[in-house]
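Hydrogens, waters and symmetry mates are skipped; everything else that's a heavy atom, side chains included, is used.
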Amino acid sequence: MNENINKSALFNGSCFALITTAFTFSIRAGILGTLGKDFGLTAEQLGFINSMFFFGFPISMILGGLLYYKVGPKRIMQVAFVTHTIGILTTIFASSYPVLLVSTLFIGFGNGCTEAACNPMIADMYPREKVNKMLNRFHMWFPGGIVLGSLISKFMTDANMSWQAQMWVTMIPTVIYAILFYGKTFPKSKFEGATHLGQNLRAMATPTFIFLFVCMSLTAISEFGPQQWVGLIMSKSGASPMLILALVTGLMAFGRFFGGQVTHVFGQTGVLLIGAILTTIGIYMFSTVTGSMAYVAAIFFAMGVCYFWPTMVGAVAQRVPLSGALGMSVIGGVGMFSTAIWQPIIGNWIDKDIAAAAATGLTGDQLELVAGQATLSKMVAFPAILIVLFLIFFFWQKKANPRSAATTAVAH
């Protein structure tokens with residue numbers, strides 16, 4: 001069906017599109033403080049700018065999943081290129097706070113389109129036994145791109161280069177993926193039933209998909225929740241936030257490159273269970289250690305969350321294949337929505353823990369460290385619950401062939 005597809009060009013184009021996503025995460029984060037000063041913005045306004053990013057991402061993922069089989073991945077990636085370009089250029093030439101809000105929405109929309117198009121396209125291009133390997137290698141470019149983007153932003157900032165110049169850098173992978181995709185033939189779905197919306201929805205109503213839906217909400221916040229706060233907290237313990245970020249994202253990129261081999265050895269359910277255990281250990285260590293031991297905690301955390309996202313997407317592709325592109329987009333969307341929903345809750349935990357620590361007489365860095373680690377101790381609950389859920393999933397799925405089990409469930 002897909003014999004004449006230029007898999008190499010399409011896969012490489014997908015990777016550069018994900019690098020664009022990673023750059024918009026890391027480089028925009030690097031210039032956020034400068035934007036606040038140049039535009040006279042409060043921390044709350046900067047928070048709203050960031051929220052527009054998370055708002056646009058899941059919306060376009062869901063829409064892309066609904067329209068994938070009607071318009072195809074080629075059209076969705078054309079929309080991604082247009083919205084990425086509009087968002088980046090509008091940011092560069094922004095003259096006001098409202099313009100920055102709109103530009104971030106466009107960038108988030110483009111990033112969601114990338115996930116909506118590339119995940120099912122990669123699943124359709126490769127045989128079942130290679131899907132996990134290729135999805136992991138695709139998703140390695142998110143942490144890999146964050147490392148690269150963070151280093152570029154730091155270098156350009158240290159060299160006193162403007163934030164506009166840094167945003168221009170995000171156009172480089174954008175143009176590259178457009179060139180790689182241009183004129184190429186895109187794959188058709190491997191599963192005939194997956195092209196029908198009614199069949200997709202029936203597949204998503206099965207116990208396997210619903211279970212994965214719930215688990216994805218917890219795997220996403222287990223990964224992105226601590227990452228948002230751990231750098232700030234650990235900076236008060238004597239560890240370097242930048243080194244922790246580089247260590248975590250660097251190990252994730254390295255680990256995902258070998259994701260196919262790891263999944264082959266332990267299986268999808270085994271990888272998810274081991275990931276939950278390592279993540280629990282990592283977050284618990286973050287909540288208790290100081291100084292150089294924080295880097296040991298970062299290793300456990302990175303190897304724990306490393307395979308969560310691509311393996312969850314791969315599990316939907318293989319175990320609920322008739323959910324199609326919509327199923328993969330919904331799984332990714334719930335991950336982003338979960339992250340957005342839990343962030344203010346975690347912030348509220350920090351406020352309460354700061355008040356509680358202050359009541360004991362603590363001040364300064366010690367106050368922030370004790371309060372932050374108390375909040376991290378609460379976050380241990382996310383992966384701890386996943387250990388139980390993935391144990392259930394391990395024994396539940398052990399008896400079933402992923403593809404036949406999913407198909408049978410839909411037929412009933």
Side-chain angles (χ1 to χ4, degrees), residues 1-24 56-57 59-92 106-128 130-131 133-142 144-145 148-149 167-192 194-196 257 260 310 313-314 317 324-326 328-329 332:
M1 182 185 296
N2 296 325
E3 290 82 0
N4 298 321
I5 303 299
N6 188 333
K7 294 180 181 179
S8 177
L10 293 179
F11 182 77
N12 290 334
S14 300
C15 292
F16 275 103
L18 197 58
I19 290 172
T20 300
T21 296
F23 275 17
T24 60
F57 198 113
I59 288 177
S60 59
M61 281 193 72
I62 304 302
L63 289 175
L66 285 167
L67 297 174
Y68 183 86
Y69 297 114
K70 288 186 179 294
V71 302
K74 180 177 182 178
R75 292 283 182 267
I76 296 174
M77 287 311 300
Q78 287 173 341
V79 173
F81 174 72
V82 171
T83 51
H84 270 146
T85 302
I86 291 174
I88 293 167
L89 295 181
T90 307
T91 298
I92 291 170
F106 271 106
I107 289 174
F109 199 91
N111 292 342
C113 286
T114 295
E115 287 272 342
C118 295
N119 281 321
M121 182 178 73
I122 290 170
D124 285 333
M125 282 198 302
Y126 295 98
R128 176 174 166 267
K130 288 190 68 175
V131 168
K133 172 183 175 181
M134 301 313 293
L135 280 174
N136 270 287
R137 290 198 174 179
F138 166 57
H139 282 281
M140 70 172 272
W141 287 108
F142 182 65
L148 184 59
M167 281 304 297
W168 275 114
V169 173
T170 62
M171 278 302 300
I172 296 174
T174 306
V175 171
I176 291 174
Y177 83 69
I179 292 171
L180 287 169
F181 284 145
Y182 183 77
K184 302 299 187 299
T185 301
F186 284 67
K188 304 293 184 182
S189 174
K190 291 188 293 189
F191 300 102
E192 184 178 347
T195 64
H196 302 294
F257 182 81
V313 173
L326 180 60
M328 282 182 271
S329 292

*Asks:* Do the non-hydrogen side-chain atoms of C15 and M140 ever get within less than 4.5 Å of each other?
*Replies:* no
*Asks:* Out of the candidates I176, I172, T114, only one should pair with F16 under the side-chain contact (heavy atoms from CB on, under 4.5 Å) rule; please name it.
*Replies:* I176
*Asks:* Give, for atom NZ of K133 and atom CD1 of I122, the distance between the pair rounded to the nearest 0.5 Å.
*Replies:* 13.0 Å
*Asks:* Within the 4.5 Å heavy-atom criterion, are F181 and Q78 side-chain neighbours or not?
*Replies:* no
*Asks:* Please lay out, stage by stage, how D124 and K188 fare under the test side-chain contact (heavy atoms from CB on, under 4.5 Å).
*Replies:* CA-CA 7 Å; D124 285 333; K188 304 293 184 182; over 6 Å; no
*Asks:* For the residue pair F11 and Y126, categorise the inter-ring angle as parallel (less than 30°), tilted (30 to 60°) or perpendicular (more than 60°).
*Replies:* perpendicular
*Asks:* Any chance you could measure S60, atom OG, to L67, atom CG, to the nearest 0.5 Å?
*Replies:* 11.0 Å
*Asks:* OG1 of T20 to CZ of F23: how many Å apart, nearest 0.5 Å?
*Replies:* 8.0 Å
*Asks:* Rounded to the nearest 0.5 Å, how far does CD1 of I76 lie from CD of E115?
*Replies:* 12.5 Å
*Asks:* A side-chain contact here means heavy atoms from C-beta on lying under 4.5 Å apart; do I88 and T174 qualify?
*Replies:* yes
*Asks:* Measure across N111 and H84 and return the closest heavy-atom pair with its distance rounded to 0.1 Å.
*Replies:* OD1-NE2, 2.6 Å
*Asks:* Using a 3.5 Å distance criterion without hydrogens, assess whether the side chain of S329 forms a donor-acceptor pair with backbone atoms of M61.
*Replies:* yes
*Asks:* Are any of the side-chain heavy atoms of F186 and N6 separated by less than 4.5 Å?
*Replies:* no
*Asks:* So do L326 and Y69 actually touch side chain to side chain, heavy atoms under 4.5 Å?
*Replies:* no
*Asks:* Measure from the side-chain N and O atoms of K7 to the backbone N and O of M125, and report whether any donor-acceptor pair falls under 3.5 Å.
*Replies:* yes
*Asks:* Taking all non-hydrogen atoms of both residues into account, name the closest pair between G64 and A116 and its distance.
*Replies:* CA-CB, 3.8 Å
*Asks:* Minimum heavy-atom separation for C113 to M77, with atom names?
*Replies:* O-SD, 4.1 Å
*Asks:* Within the structure provided, determine whether F106 and V82 are in side-chain contact (heavy-atom separation under 4.5 Å).
*Replies:* no
*Asks:* Heavy atoms only: give me the nearest V169-P173 pair and the separation to one decimal.
*Replies:* O-CD, 3.4 Å
*Asks:* Side-chain contact, heavy-atom cut-off 4.5 Å: Y177 with I19?
*Replies:* no
*Asks:* Calculate, to the nearest 0.5 Å, the distance between atoms OG1 and CH2 belonging to T21 and W141 respectively.
*Replies:* 14.0 Å
*Asks:* Which atoms form the tightest heavy-atom contact between N136 and P310, and what is the distance?
*Replies:* OD1-CG, 3.3 Å
*Asks:* Side chains of L135 and M328: closer than 4.5 Å at any heavy-atom pair?
*Replies:* no
*Asks:* What's the shortest heavy-atom distance between H139 and L18, and which atoms?
*Replies:* CA-CD2, 3.7 Å
